[in-house]
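Presented below is the structure to which this report refers.
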Amino acid sequence: MTVFDVAVWREGRVRMLDQRHLPGAEIYHHYDSAAEVAEAIREMVVRGAPAIGCAAAFGVAVEAFRLARSGLPDSWTEAMAPGLARLRDSRPTAVNLVWALERMAPLLRSGDPARVPERLLQEAEAIRAEDIASCQAMGAAGAAILPAAPEGRPLAIMTHCNAGALATAGYGTALGVIRAARERLGQVVVYATETRPYLQGARLTAWELVQDGFEVTLMTDSMAGHAMSRGLVDVVVVGADRVAANGDVANKIGTYGHAVLARRHGIPFLVACPLSTIDLATPTGAQIPIEERVAAEVTHFAGHRVAAQGVRVFNPAFDVTPAELVSALVTERGVVQVPDALRMRALFGS
Ligand code: MRU
């Protein structure tokens with residue numbers, strides 16, 4: 001499997017592959033402060049819920065090392081507050097970002113203050129390693145519940161956006177399931193939707209899968225219904241940016257439409273995400289903040305204006321798929337069939 005430095009620690013700095021240039025160029029940047037990492041998250045250098053969480057964790061560590069260079073602060077919590085706030089505000093929907101910050105925060109208040117930067121770095125590395133392990137566990141759990149391939153052709157899996165190695169610390173959530181499915185079944189074919197307007201499917205998923213030797217077919221988002229109606233898709237597997245306590249799923253804009261279509265055609269609709277994407281503090285999808293992005297993403301295509309001057313634009317980056325349309329939620333702790341509030345609580349042992 002191709003491994004990318006999505007968000008890693010290298011020689012005292014945060015190193016990230018700039019996903020805005022893919023698949024044309026592999027450009028890496030290095031970051032020395034929380035503010036710089038926050039800007040990189042905002043600007044989509046790194047994207048995908050678990051990857052954003054990892055980047056934020058390394059952003060916290062690099063900020064602590066930066067501050068320590070001018071002497072130990074009287075209070076780590078106070079000194080780090082502006083950097084943490086910048087990170088927290090960088091993107092609103094994927095809860096992994098806040099989850100990572102909340103996991104790092106107690107380390108500012110405990111133990112030897114001189115060792116805070118080092119402990120933060122260890123925690124960020126742990127978050128990264130756990131994310132890879134979670135993706136692998138999710139992959140195995142998801143692959144085990146896929147439907148059988150129809151007679152005469154390999155299983156055809158449709159995915160939306162990029163929930164792959166590029167969106168995580170490695171291996172991927174939805175693409176982790178697809179990777180594990182290939183290991184289990186020998187062969188699968190993938191339908192990747194383009195994912196208007198930011199084209200994560202065309203630019204990232206297609207690239208990632210082609211590099212790993214998958215047979216991947218790209219289609220625009222609006223072709224999914226037709227593909228399903230012609231029996232080309234056996235199962236849909238997507239990732240998530242935040243799953244509410246009742247199992248509602250916020251994911252890349254267009255996911256909801258695919259879920260409705262999948263239900264219409266009797267096709268299983270699976271969502272793969274780590275526990276760090278599940279937000280029990282948000283009761284339903286209605287409370288999940290949905291990021292709205294700049295109009296130019298919609299009015300322009302590959303840098304060229306394609307829409308009339310003066311037109312108004314609606315550009316939500318995510319939508320919410322009601323839990324009732326989700327056949328199963330796949331996590332590193334196992335599968336929740338047809339998620340609801342009760343089953344979600346049971347997943348967390350409460
Ligand atoms: O705007 P993006 O590219 O950060 O959106 C990414 C998605 O919506 C992914 O599907 C989601 O984060 C899951 S990634 C494992």
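Read the numbers this way: they start at 1 and go in the same order the structure lists the ligands and their atoms. All heavy atoms count here, side chains included; hydrogens, waters and symmetry mates do not.
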Just by distance, no angles: are the side chains of Arg47 and Gln19 close enough, under 3.5 Å, to form a donor-acceptor pair?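 Gln19 and Arg47 do have a side-chain donor-acceptor pair below 3.5 Å.
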Side-chain donor-acceptor pair under 3.5 Å between Ser276 and Asn96, yes or no? yes
Subset of ligand 1 atoms that lie under 4.0 Å from at least one heavy atom of [X]:
{"X": "Asn162", "value": "9 (C), 14 (S)"}
{"X": "Gln200", "value": "1 (O), 2 (P), 3 (O)"}
{"X": "Ala49", "value": "12 (O), 14 (S)"}
{"X": "Ala167", "value": "14 (S), 15 (C)"}
{"X": "Ala163", "value": "14 (S), 15 (C)"}

For the pair [X] and [Y], find out whether any cationic side-chain nitrogen is under 4.0 Å from an anionic carboxylate oxygen.
{"X": "Arg179", "Y": "Glu208", "result": "yes"}
{"X": "Arg69", "Y": "Asp32", "result": "no"}
{"X": "Arg42", "Y": "Asp89", "result": "no"}
{"X": "Asp131", "Y": "Arg128", "result": "no"}
{"X": "Asp279", "Y": "Arg242", "result": "yes"}

Main chain of Ala308, side chain of Arg305: is a donor-acceptor contact present, judged purely on distance under 3.5 Å?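 Confirmed, Arg305 side chain pairs with Ala308 backbone.
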Please check whether [X] reaches ligand 1 - meaning an N/O of the residue sits under 3.5 Å from an N/O of the ligand, judged on distance alone.
{"X": "Asn251", "answer": "yes"}
{"X": "Thr168", "answer": "no"}
{"X": "Gly164", "answer": "no"}

Identity and distance of the protein heavy atom lying nearest [atom]:
{"atom": "atom 15 (C) of ligand 1", "result": "Thr173 OG1, 3.0 Å"}
{"atom": "atom 8 (O) of ligand 1", "result": "Asp241 OD1, 2.7 Å"}
{"atom": "atom 5 (O) of ligand 1", "result": "Lys252 CE, 3.2 Å"}

In terms of ring plane angle, is the pair Phe65 and Trp9 parallel, tilted or perpendicular, where the classes change at 30° and 60°? tilted
Heavy-atom proximity to atom 4 (O) of ligand 1, picking from Arg91, Met44, Gln19, points to Arg91
Pick whichever of Ala250, Ala272, Ala240, Ala317 has a heavy atom sitting closest to atom 13 (C) of ligand 1.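 Nearest option to atom 13 (C) of ligand 1, by heavy atoms: Ala240.
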Can a non-hydrogen atom of [X] be found less than 4.0 Å from any atom of ligand 1?
{"X": "Phe318", "value": "yes"}
{"X": "Ala94", "value": "no"}
{"X": "Thr255", "value": "no"}

Side chain, backbone, both or neither: which part of Cys161 comes within less than 4.0 Å of ligand 1 when only heavy atoms are counted? side chain
Within 45° cone and under 6.0 Å: Arg182 NZ/CZ vs Phe214 ring: yes
